[in-house]
Amino acid sequence: MENSSNEITNPGPMQVYEDNLEKGEFRIQQCKDCGKHVFYPRQLCHYCGSSNLKWVAISGRGTVYSTSVVRRKPERGGDYNVALIDLEEGPRMMSRVMDVEPEEVAIGMAVSAHVGIIDETPAVVFYNKEQGDKAW
Amino acid sequence: MVASLRGSAAVVGVGLTEFTGMPGLNHMEIMAKAIERAVLDAGIDKNDIDGIFSANFVELLTPLTIAEYFGLNPTYMDGTNTGGSVFVNSLQSAAAALHLGLCNVALICYGSNSASGVFTHPPAMRTVEDVYKPRNPISPYALVAARHMHEFGTTKEQLAEVAVSARKWAQLNPAATMQDTLTIEEVVNARMIVDPLGLLDCCLVSDGGAAMILVKSDRAKDFPKPPIYMLGVSSRTDHNIISAMPDLTVTAAKEAAAAAFTMAGVTPNEIDVVEIYDAFTINTILFLEDMGFCPKGEGGNFVSNGNIAPGGSLPVNTNGGGLSCVHPGMYGMFLMIEAVQQLRGECEDRQVADAKLAACNGNGGFLASQVTAVFGTEETL
């Protein structure tokens, strides 16, 4: 905490996160004081309260913690997966597993992160199969 | 310190509207009928009300609207919004305010036309989940159900037991919306909404209003109905969006219930009737576990074979619950009023014999806010 800065930096962490996604980069925060990874992006580490957060690249490897299928009529785009992914670094995030049929996504499945596009918005999505150098 | 709230406040009036057939009424007009009935039940003048506790999903300045609408001049207002649990949370706030003399007659109230009207929410904060288009509020509960099934082997049939039990209670309650017989097979085979939850795993969307009047216990016998005392209450939260929930199979009701039972000085096995927020079938299983009515992971077995239905070992959601009685956007008021009416002995065909202690658990947001309350009759004081 003693190294924390009270200065407000612009843009804020959510904007930085989204700007990184626009560049095709998936970055999350890590606390320089307690070492824990923080997601979603915040002004303060929600573990120790420090504002000493840095943006870091991560392995992109994760595990499906839970999964569901949102049922949607085919004419409106069809069914889609909504899952919770535990990142190797610790944080959990909502996402979609894209390369497996929605109902075939299983808890415990190994997945890797990619910056994809959902409805014209850059978003971190996950693939079950190896996607070579596109994986983060 | 909080132990001093045990038995400090009493419910002296309750009011409910009908739950269907109110097209053309806005949420305030529905709420007004519930308040009118609660005021009549308590035998008070509406001008006696000097504490207002209310929140909803359609406006931000609810206590001000209520004060204006009813011509009240409150000395204490609380518009905290923790989702559908908020009215149980308000029970805690009202008891504290009454205890401190910040108000003398507290009104907790709600009204909604979410079935017949246009139900629009005030803008919510954008979150990192939005882009994935979870179908809220169903998706978070589906994710929780999937995880519970994975960890504990909970089955679709066990989820269906919750819906069927609720329906059996509803069939004993003429005011309940759903009266047709329901089978396990019908629930299991219903159209999927968000796997693993199907249509009949989800609560109703109703109209409805409810109101409750509380005073300090030392004057509770000055009112016409037998007072029902607040013996314990506690409120907890551990997340807001579902991806921030620490463990999808354990809710903050574990801590809230433990604290409420400690304040009340009772244990779960002493409770005669349980009213819990069954927005989805998985809720009933989770909260029975977290409140201590069965071990973690045993909820599916516990609700099976009619154990929480009429004639079972533990009467749960005796009005038919949010699944089969009423769910007008927020349900927290309705579970407390059912508890009060059970303890008054007013419930006719669905009356739990000799009910003296009732436990309620309000749920808000995506399993985020949990508030447990224990009510008792005079002899439990």
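Residue numbers begin at 1 in each chain, while the letters A, B, ... track the order of the sequences.
- Looking at B:Arg191, there are no atoms closer than 4.5 Å to chain A (heavy atoms on both sides), in backbone or side chain.
- Heavy-atom distances place no part of B:Asp130 under 4.5 Å from chain A, backbone and side chain included.
- Considering only heavy atoms from C-beta on, B:Lys156 comes within 4.5 Å of B:Asp201 through its side chain.
- The closest side-chain donor-acceptor pair between B:Ser116 and B:Asp207 falls under 3.5 angstrom.
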Next on the checklist: If you apply the rule side chain to side chain donor-acceptor pair (under 3.5 Å), what do you find for B:His148 with B:Gln158, and how did you get there?
Outcome noted: CA-CA 12 Å; B:His148 201 278; B:Gln158 291 171 333; over 6 Å; no

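- Between B:Glu289 and B:Val250 the shortest side-chain heavy-atom distance does not fall below 4.5 Å.
- Counted by atom type alone, A:Thr67 and A:Asn81 present one or more donor-acceptor pairs between their side chains at under 3.5 Å.
- The residue among B:Val131, B:Ile138, B:Leu248 with the most heavy atom pairs within less than 4.5 Å of chain A is B:Leu248.
- Counting heavy-atom pairs closer than 4.5 Å to chain B, the top-ranked of the candidates A:Tyr17, A:Phe39, A:Tyr80 is A:Tyr80.
- In this structure, A:Glu120 contributes its side chain and A:Ile117 its backbone to no donor-acceptor pair below 3.5 Å.
- In this structure, the side chain to side chain donor-acceptor pair (under 3.5 Å) partners of B:Asn307, at least two apart in sequence or on a different chain, are B:Ser313.
- For chain B, no part of A:Pro102 is nearby; none of its heavy atoms comes within less than 4.5 Å.
- Interface remark: B:Pro246 contributes backbone atoms only to the contact with chain A (heavy atom separation under 4.5 Å).
- Listed options A:Asp79, A:Thr121, A:Val124 were ranked by heavy-atom pairs under 4.5 angstrom with chain B; first place goes to A:Val124.
- The environment of A:Glu75 atom CD is dense: over 12 non-hydrogen atoms of other residues, nucleotides or ligands sit within 6.0 angstrom.
- In this structure, chain B has a heavy atom under 4.5 Å from the backbone of A:Ala83, while its side chain stays farther away.
- When A:Ile85, A:Val82, A:Ile107, A:Val125 are compared by the number of non-hydrogen pairs under 4.5 Å with chain B, A:Ile107 comes out ahead.
- Heavy-atom distances place no part of B:Leu197 under 4.5 Å from chain A, backbone and side chain included.
- Comparing A:Arg72, A:Glu18, A:Glu103 by heavy-atom pairs within less than 4.5 Å of chain B, the highest count is held by A:Glu18.
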